[in-house]
**Q** 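Here it is: the structure, laid out below.
Basis for what follows: all heavy atoms, side chains included, without hydrogens, waters or symmetry-related copies.
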Amino acid sequence: LRIEDTDRERSTDEATQVILDGMKWLGLNEDEGPFYQTKRMDRYKEVIQQFLREGKAYRCYCTKEELDEMRAKQMAAKLKPRYDGTWRNRTDVREGVEPVIRFKNPVDGVVVVDDVIHGKVVFENSELDDLIIARSDGTPTYNFCVVVDDWDMNITHVVRGDDHLNNTPRQINMLMALGATPPVYAHVPMILGADGAKLSKRHGAVSVLQYQEEGYLPEALLNYLVRLGWSHGDQEVFTMEEMIKLFDINDVNKSASAFNADKLSWLNQQHIMKAPASVLANVLREQFAMLGVQIEDQQKLEAIANVQRERAKTLKEMAQNSLYFVKDFDAYDDKAAKKNLVAEAKPALAALESALQSLAEWSAPAIHNVINDVATQLNVGMGKVAQPLRVAACGGAVSPPIDATVAVIGKERTLQRLQKAQLYIDGRH
RNA sequence: GCUCCCAUCGUCUAGUGGCCUAGGACACAGCCCUCUCAAGGCUGGUACACGAGUUCGAAUCUCGUUGGGAGCGCCA
């Protein structure tokens with residue numbers, strides 16, 4: 001893991017920490033490093049001196065203003081803005097200007113990037129200019145640092161967004177100047193926003209940790225991402241192990257893809273359905289905490305996860321829809337109460353209360369029998385008993401199967417809520 | 001503007017000259033299941049950007065057009 005932090009203004013400790021935390025959450029663990037470029041300054045300066053000595057780089061005394069003007073003129077003339085090489089062959093100095101150092105790019109011939117994904121891409125050296133490898137304050141720049149690092153660290157494969165494809169010929173030229181063999185390059189297609197435009201903050205191009213907060217599972221995010229530009233037959237859902245085993249960079253396609261939040265949600269649900277209850281319980285605990293409810297009972301959390309796992313797109317949503325399991329609700333859902341907590345439902349609620357009161361074994365199957373018995377006794381359909389019970393127990397008309405739901409809510413709480421519902425009905429009529 | 005990249009349903013993709021009146025998935029609609037909501041099952045609509053060529057035959061090969069993206073920083 002390499003942290004490319006040569007720009008001191010942008011690369012704050014917080015920004016770096018977000019990267020580290022994000023990698024950790026995703027389970028993308030480094031086997032070496034992290035290496036910080038800011039700690040390798042001496043090495044970069046050494047190579048710059050070497051380039052200078054060998055005539056592979058030179059000092060350029062143009063000021064920023066002069067460069068801006070040059071670019072503006074070229075743009076006006078409909079040319080590609082590029083450095084014109086003013087100082088390439090000069091050895092004199094200019095007083096009062098701290099020079100930058102530029103790499104002497106070859107002027108003719110071509111550079112071929114043999115890319116795993118794009119195939120051979122040919123660049124004319126005449127299209128490339130002499131890029132700055134050290135700023136006037138002496139600090140090295142990104143395109144130079146990565147070249148030195150890739151060489152020093154024996155990097156074999158560079159996999160990155162294809163927005164870097166245009167940088168690659170320059171990097172190869174510097175690698176050649178160093179006498180190094182370029183690594184294998186694979187420029188993967190970019191991910192665009194849902195509207196097909198460039199991904200920006202407005203589209204949710206946020207830290208991966210935001211997905212953690214929203215209640216996504218890391219394997220779901222990875223699963224979504226791995227299927228962008230890559231597929232394996234008709235398979236959509238992959239475990240971490242399958243992704244590792246099946247993914248092959250050689251099978252990645254070339255075209256950019258648009259971010260689809262719906263599919264991410266669906267995949268998250270698929271992974272929630274398959275995840276171990278203990279894992280879900282841990283995330284649920286955090287999600288409940290964010291909603292202001294502290295709950296430490298691991299068994300209860302796992303029970304909630306197990307009854308809810310099929311009906312939540314995210315763990316955040318699961319927590320929001322599971323509050324009645326962990327704390328009492330203040331009011332009934334208006335529509336649900338109007339429909340179900342009515343006089344004709346009272347006998348069912350009363351019968352349920354007494355039958356559940358004397359129920360020896362508090363389990364979903366046992367509760368299921370009670371509900372069935374009450375329905376039979378009163379000679380009504382299952383729904384006439386289950387729905388009032390649901391609203392009484394949960395406060396609303398939506399929940400997992402009512403027998404399992406009541407089992408998780410617990411005996412004491414259920415009986416209290418059954419009484420409360422009957423009082424509510426009395427109050428209305 | 002210049003250089004580079006890309007182009008199959010709304011979206012992610014299968015497809016490497018005949019198996020394609022184009023397959024799967026998300027989303028959408030309907031039905032089934034059903035104590036609600038889901039999950040699951042079934043059914044349905046929607047795509048080879050356009051134009052030339054090569055070929056007995058093209059989504060697949062070639063060229064052009066159009067459209068989209070990236071790069072052109074003393075940013076990374």
Side-chain angles (χ1 to χ4, degrees), chain A residues 4-7 9-11 37 60 62-64 67-68 71 74-83 98-102 113 115 117-118 121-124 126-129 131-143 145-146 161-170 187 189-190 192 194-198 224 227-237 253-267 269-270 273 308-313 321 336 340 368 371-372 375 381-391 394 396-403 405:
Chain A
E4 300 176 339
D5 55 351
T6 57
D7 182 5
E9 284 183 22
R10 290 216 321 210
S11 188
Q37 289 186 327
C60 164
C62 288
T63 63
K64 278 182 193 176
L67 294 173
D68 287 344
R71 272 191 284 270
Q74 288 163 333
M75 294 279 261
K78 302 195 171 184
L79 294 169
K80 184 182 195 171
R82 53 206 292 280
Y83 178 64
E98 282 301 322
V100 298
I101 297 173
R102 289 182 184 271
V113 179
D115 192 88
I117 292 166
H118 294 273
V121 183
V122 181
F123 293 86
E124 297 281 339
S126 57
E127 289 292 336
L128 273 23
D129 63 359
L131 80 159
I132 292 172
I133 58 176
R135 305 177 178 94
S136 46
D137 66 1
T139 58
T141 58
Y142 165 79
N143 272 302
C145 294
V146 292
D162 63 17
D163 48 335
H164 279 281
L165 189 50
N166 286 293
N167 286 331
T168 309
R170 299 168 185 283
H187 287 92
M190 311 255 293
L192 276 15
D195 54 1
K198 189 184 176 181
Y224 176 69
R227 277 285 286 99
L228 259 27
W230 177 84
S231 63
H232 183 259
D234 287 340
Q235 189 171 349
E236 295 288 350
V237 183
N253 69 199
K254 304 169 177 184
S255 50
S257 43
F259 191 86
N260 185 337
D262 280 336
K263 185 142 185 189
L264 206 210
S265 287
W266 177 79
L267 276 169
Q269 183 172 36
Q270 295 297 311
M273 286 193 284
Q308 290 283 46
R309 64 197 318 153
E310 279 176 8
R311 60 209 94 227
K313 300 273 192 198
N321 293 336
N340 297 290
H368 187 81
I371 297 169
N372 264 338
M382 177 85 157
K384 293 287 180 195
V385 179
Q387 269 313 84
L389 171 58
R390 173 169 282 117
V391 180
C394 309
V398 175
S399 87
I402 193 58
D403 47 3
T405 302

**Q** Measure from the side chain of A:Asp163, starting at C-beta and using heavy atoms only, and say which of B:U36, B:G71, B:A38 lies closest.
**A** B:G71
**Q** Using the six-membered ring wherever Trp is involved, compare the ring planes of A:Tyr142 and A:His164 and label them parallel, tilted or perpendicular (cut-offs 30° and 60°).
**A**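 Answer is tilted, since the angle falls between 30° and 60°.
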**Q** Please report, rounded to the nearest Å, how far the P atom of B:C75 is from the CD atom of A:Gln37.
**A**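 Value for this atom pair: 14 Å.
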**Q** Does B:A39 have a Watson-Crick or wobble mate here (both distances under 3.5 Å), and if so which one?
**A** none
**Q** Kindly indicate, with the supporting measurements, whether the criterion side chain to side chain contact (heavy atoms under 4.5 Å, CB included) is fulfilled by A:Asn166 and A:Phe123.
**A** CA-CA 9 Å; A:Asn166 286 293; A:Phe123 293 86; 3.8 Å; yes
**Q** Any side-chain N or O of A:Lys80 below 4.0 angstrom from OP1/OP2 of B:U3?
**A** no
**Q** Taking only the P atom of each, what is the distance from B:U46 to B:C4 in whole angstrom?
**A** 40 Å
**Q** If you assign each of A:Gln387 and A:Gly229 to its closest nucleotide in RNA chain B, which residue comes earlier from the 5' end?
**A** A:Gly229
**Q** For A:Asp162 and B:C6, give me the distance from atom CG to atom C1', rounded to whole Å.
**A** 8 Å
**Q** Report the nucleotide, chosen from B:C2, B:A76, B:C6, that has the shortest atom-to-atom distance to any side-chain atom of A:Ser255.
**A** B:C6
**Q** Using a cut-off of less than 4.0 Å, is there contact between a side-chain N or O of A:Arg71 and OP1 or OP2 of B:C72?
**A**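 The answer is no; no side-chain N or O of A:Arg71 sits under 4.0 Å from OP1 or OP2.
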**Q** Which base sits across from B:G73 as a Watson-Crick or G-U pair, both distances under 3.5 Å?
**A** none
**Q** Could you state the CG-P distance from A:Leu192 to B:C12, rounded to the nearest angstrom?
**A** 9 Å
**Q** Going by atom types alone, do A:Thr141 and A:Asn143 pair a side-chain donor with an acceptor below 3.5 Å?
**A** no
**Q** May I have the distance from A:Asn372 (atom CG) to B:C35 (atom C1'), rounded to whole angstrom?
**A** 10 Å
**Q** Out of B:C26, B:C37, B:G71, which nucleotide sits closest to the side chain of A:Asn166?
**A** B:G71
**Q** Would you tell me if any nitrogen or oxygen in the side chain of A:Ser231 comes within less than 4.0 Å of OP1 or OP2 on B:A14?
**A** yes
**Q** A:Val398 has a side chain; which of B:G24, B:C26, B:C37 sits nearest to it?
**A** B:C37
**Q** May I ask you to say what A:Cys62 touches in the nucleic acid, namely base, sugar-phosphate or nothing, with a heavy-atom cut-off under 4.0 Å?
**A** base
**Q** Please pick, from B:C4, B:U11, B:A76, the nucleotide with the shortest atom-to-atom distance to any side-chain atom of A:Ala258.
**A** B:U11
**Q** Where the side chain of A:Met190 is concerned, which of B:A70, B:G23, B:U36 is the nearest nucleotide?
**A** B:A70
**Q** When you check the phosphate oxygens OP1 and OP2 of B:G73, does a side-chain N or O of A:Arg170 lie under 4.0 Å from one of them?
**A** no
**Q** Round to the nearest Å and state the distance from A:Glu310 atom CD to B:G41 atom P.
**A** 12 Å
**Q** Find the distance A:Asp403:CG to B:U34:P and express it as a whole number of Å.
**A** 15 Å
**Q** Students often get this wrong, so: under 4.0 angstrom with heavy atoms, is A:Asn167 touching a base, only sugar-phosphate, or nothing?
**A**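 Counting heavy atoms under 4.0 Å across all strands, the contact made by A:Asn167 includes a base.
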**Q** When you check the phosphate oxygens OP1 and OP2 of B:A38, does a side-chain N or O of A:Gln308 lie under 4.0 Å from one of them?
**A**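 The answer is no; no side-chain N or O of A:Gln308 sits under 4.0 Å from OP1 or OP2.
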**Q** Do A:Arg71 and A:Gln74 get their side chains close enough for a donor-acceptor pair, meaning under 3.5 Å?
**A** no
**Q** Check whether the aromatic ring of A:His232 stacks on the base of B:A14, taking stacking as ring centres less than 5.5 Å apart and planes within 30° of each other.
**A**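 The ring of A:His232 is not stacked on B:A14.
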**Q** Above 12 or not: heavy atoms from other molecules or residues under 6.0 Å from CD of A:Glu98?
**A**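 It does not: A:Glu98 CD has 12 such atoms or fewer within range.
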**Q** B:C75, B:C5, B:G40: which one has an atom nearest the side-chain heavy atoms of A:His118?
**A** B:C5
**Q** So which nucleotide from B:C35, B:G40, B:G73 ends up closest to the side chain of A:Ile402?
**A** B:C35
**Q** Across all strands shown, which nucleotide pairs with B:U11 by Watson-Crick or G-U wobble geometry, both distances under 3.5 Å?
**A**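 Result: B:A25.
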**Q** Searching all strands shown, indicate the nucleotide that pairs with B:G17 (Watson-Crick or G-U wobble; both distances under 3.5 Å).
**A** none
**Q** Nearest to the side chain of A:Arg227, which nucleotide is it out of B:G73, B:U3, B:C12?
**A** B:C12
**Q** Would you classify A:Lys64 as touching base, sugar-phosphate or nothing, given that sugar-phosphate means primed atoms plus P, OP1 and OP2, and contacts are heavy atoms under 4.0 Å?
**A**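 Base contact - A:Lys64 has a heavy atom under 4.0 Å of at least one base atom.
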**Q** Give A:Val100 one of three labels, base, sugar-phosphate or nothing, depending on what nucleic acid heavy atoms sit under 4.0 Å from its own.
**A** base
**Q** For B:A59, which nucleotide in any strand shown is its Watson-Crick or wobble partner with both distances under 3.5 Å?
**A**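 Its partner is none (no Watson-Crick or G-U wobble pair with both distances under 3.5 Å).
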**Q** Can you measure A:Glu124 atom CD to B:G71 atom P for me and round it to whole angstrom units?
**A**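 It works out to 22 Å between those atoms.
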**Q** In a check of salt bridge (Lys or Arg N to Asp or Glu O under 4.0 Å) between A:Asp129 and each of A:Arg170, A:Lys80, A:Arg82, A:Arg102, which one passes?
**A** A:Arg170
**Q** Heavy atoms from C-beta onward define the side chain here; which of B:U13, B:U11, B:A39 lies closest to that of A:Lys313?
**A** B:A39
**Q** Using atom CZ of A:Arg82 as one end and atom P of B:C2 as the other, report the distance to the nearest whole Å.
**A** 15 Å
